Amino acid sequence: MHIPDGFLSPGVWSGLWVVSIAILGFCLRKVKAVLQDKMIPLMGVAAAFIFAVQMLNFPVAGATSGHLLGGVLAAILLGPYGGAIVIAIVLIIQCLIFQDGGLTALGANIFNMSFIGAMGGYLVYHTIRRAVKGDRGILVGASFAAWFSVVATSSICAVELALSGTSPLKIALPAMAGIHVLIGIGETIITVFVIGTVLKMRPDLIYKK
Amino acid sequence: MKKSWIIIGLFISLLLVLFISPFASSSPDGLERIAEDKGFLEKGEGHIITSPIPDYVWPGIEDEGVATSMAGVFGTLITFGLGLGIGSILKRR
């Protein structure tokens with residue numbers, strides 16, 4: 001869901017650049033307060049893994065593909081602020097080195113996938129985790145949050161396209177949300193598989209708060 | 001052994017891009033599909049900057065599978081480095 005240059009109007013992309021820089025600054029300060037030693041290499045491994053899996057597009061309905069966004073996965077391991085930073089790192093590398101997502105749209109992409117995807121998704125995960133006890137809470141939370149994060153991110157993306165005059169909301173929103181309801185199932189399968197594996201091997205790597 | 005998960009995590013990531021990425025679906029993703037269907041795809045065809053490895057294909061390599069794998073390995077390592085680097089800087093300050 002990487003928005004290229006040209007889809008967003010100058011008002012929308014410049015506004016989201018400002019908002020995203022502010023959010024990332026806030027996240028960096030927040031992460032410093034909770035940063036444990038093991039989280040430093042985990043930031044590297046999570047960023048690398050999410051970059052790698054984002055390259056593995058899987059087919060969905062009608063000659064369309066989807067790939068992991070990874071926001072919820074990163075936030076379950078590193079917390080909402082660490083997760084948001086990891087996704088921003090992936091997006092910056094993808095934009096600058098691989099021309100995936102436009103430079104003007106980078107602020108919007110960070111807003112969508114770091115803020116809505118990782119931090120918003122974490123909120124859903126955290127709520128479910130508090131309601132359902134133990135490892136089951138983590139896995140149930142991960143599955144719902146992963147799916148929700150993809151649908152929410154795609155809906156926000158549709159709103160940005162509409163605000164930019166690129167595609168009217170009544171067309172863009174059902175189209176974006178509709179296809180991402182399916183892509184989100186892939187997000188859930190990958191997220192639950194990875195978190196389930198981490199729970200078995202190294203449960204201490206799951207962010208606790 | 002306590003830190004072996006770092007190597008294992010990085011190793012799995014590298015295996016995925018090396019051996020699976022050449023076989024990933026090349027169909028447009030959700031946003032591209034809708035841009036095509038709703039007729040605004042051409043709006044996104046210009047680029048502000050030219051990236052060194054556009055579209056995850058290492059330039060100058062004929063075999064596209066190999067070019068994709070190489071781009072993936074490079075991207076995975078550089079993302080790992082940047083994540084580790086930012087984490088270290090945050091810890092030190």
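If you're wondering where the values come from, they're calculated on a predicted model, not measured in any experiment. Throughout, protein chains are lettered first and strands after them, A, B, ... in sequence-line order, and every chain is numbered starting at 1.
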*Evaluate the criterion side-chain contact (heavy atoms from CB on, under 4.5 Å) for residue pair B:Ser26 and A:Asn57; output intermediate values, then yes/no.*
CA-CA 7 Å; B:Ser26 55; A:Asn57 286 60; over 6 Å; no
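Across all non-hydrogen atoms, the minimal contact from B:Gly44 to A:Pro4 is O-CB, 3.9 Å.
Only the side chain of B:Ile12 comes within contact range of chain A, with at least one heavy atom under 4.5 Å from a heavy atom of that chain. Looking at B:Lys38, the atoms closer than 4.5 Å to chain A (heavy atoms on both sides) all sit in the side chain, from C-beta outward. Only the side chain of A:Leu205 has a heavy atom closer than 4.5 Å to any heavy atom of chain B. Both the backbone and the side chain of B:Thr68 come within contact range of chain A, each with at least one heavy atom under 4.5 Å from a heavy atom of that chain. Neither the backbone nor the side chain of A:Met39 comes within less than 4.5 Å of any heavy atom in chain B. Residue contact with chain B, scored on non-hydrogen atoms closer than 4.5 Å, involves the backbone and the side chain of A:Leu96 alike. Only the side chain of A:Ile179 comes within less than 4.5 Å of a heavy atom in chain B; its backbone stays farther off. Contact of B:Leu90 with chain A is made through backbone and side chain together, with heavy-atom distances under 4.5 Å. If you measure heavy-atom distances from A:Val60 to chain B, you find no contacts under 4.5 Å at all. A:Phe58 touches chain B through its backbone: at least one of N, CA, C or O sits under 4.5 Å from a heavy atom, while the side chain does not. Contact of A:Leu35 with chain B is made through backbone and side chain together, with heavy-atom distances under 4.5 Å. Only the side chain of A:Leu161 comes within less than 4.5 Å of a heavy atom in chain B; its backbone stays farther off.
Of the listed residues (B:Ile6, B:Leu16, B:Asp29), the greatest number of heavy-atom pairs within a distance under 4.5 Å of chain A belongs to B:Asp29. Ranked by non-hydrogen atom pairs under 4.5 Å with chain B, the options A:Val31, A:Leu103, A:Ile85 are led by A:Leu103. When the candidates A:Thr104, A:Val53, A:Asp37, A:Leu8 are compared by the number of heavy-atom contacts under 4.5 Å with chain B, A:Asp37 comes out ahead. Put simply, of B:Gly87, B:Ser25, B:Ser13, the one with the most heavy-atom pairs under 4.5 Å next to chain A is B:Ser25. Looking only at heavy-atom pairs under 4.5 Å with chain A, the residue among B:Ser51, B:Ser88, B:Gly83 that has the most is B:Ser51. Between chain A and the options B:Ala35, B:Gly9, B:Gly72, B:Pro52, the largest number of non-hydrogen pairs under 4.5 Å is found for B:Pro52. Here B:Ile53 is the residue among B:Ile86, B:Ile53, B:Val17 with the most heavy-atom pairs under 4.5 Å with chain A. The residue among A:Met201, A:His67, A:Gln94, A:Arg29 with the most heavy atom pairs within less than 4.5 Å of chain B is A:Gln94.
Relative orientation of the A:Phe98 and B:Phe74 rings is perpendicular, given thresholds of 30° and 60° on the angle between their planes.
Judged by distance alone, with hydrogens and angles left aside, the side-chain atoms of A:Arg202 form no donor-acceptor pair with the main-chain N or O of B:Trp5 at under 3.5 Å.
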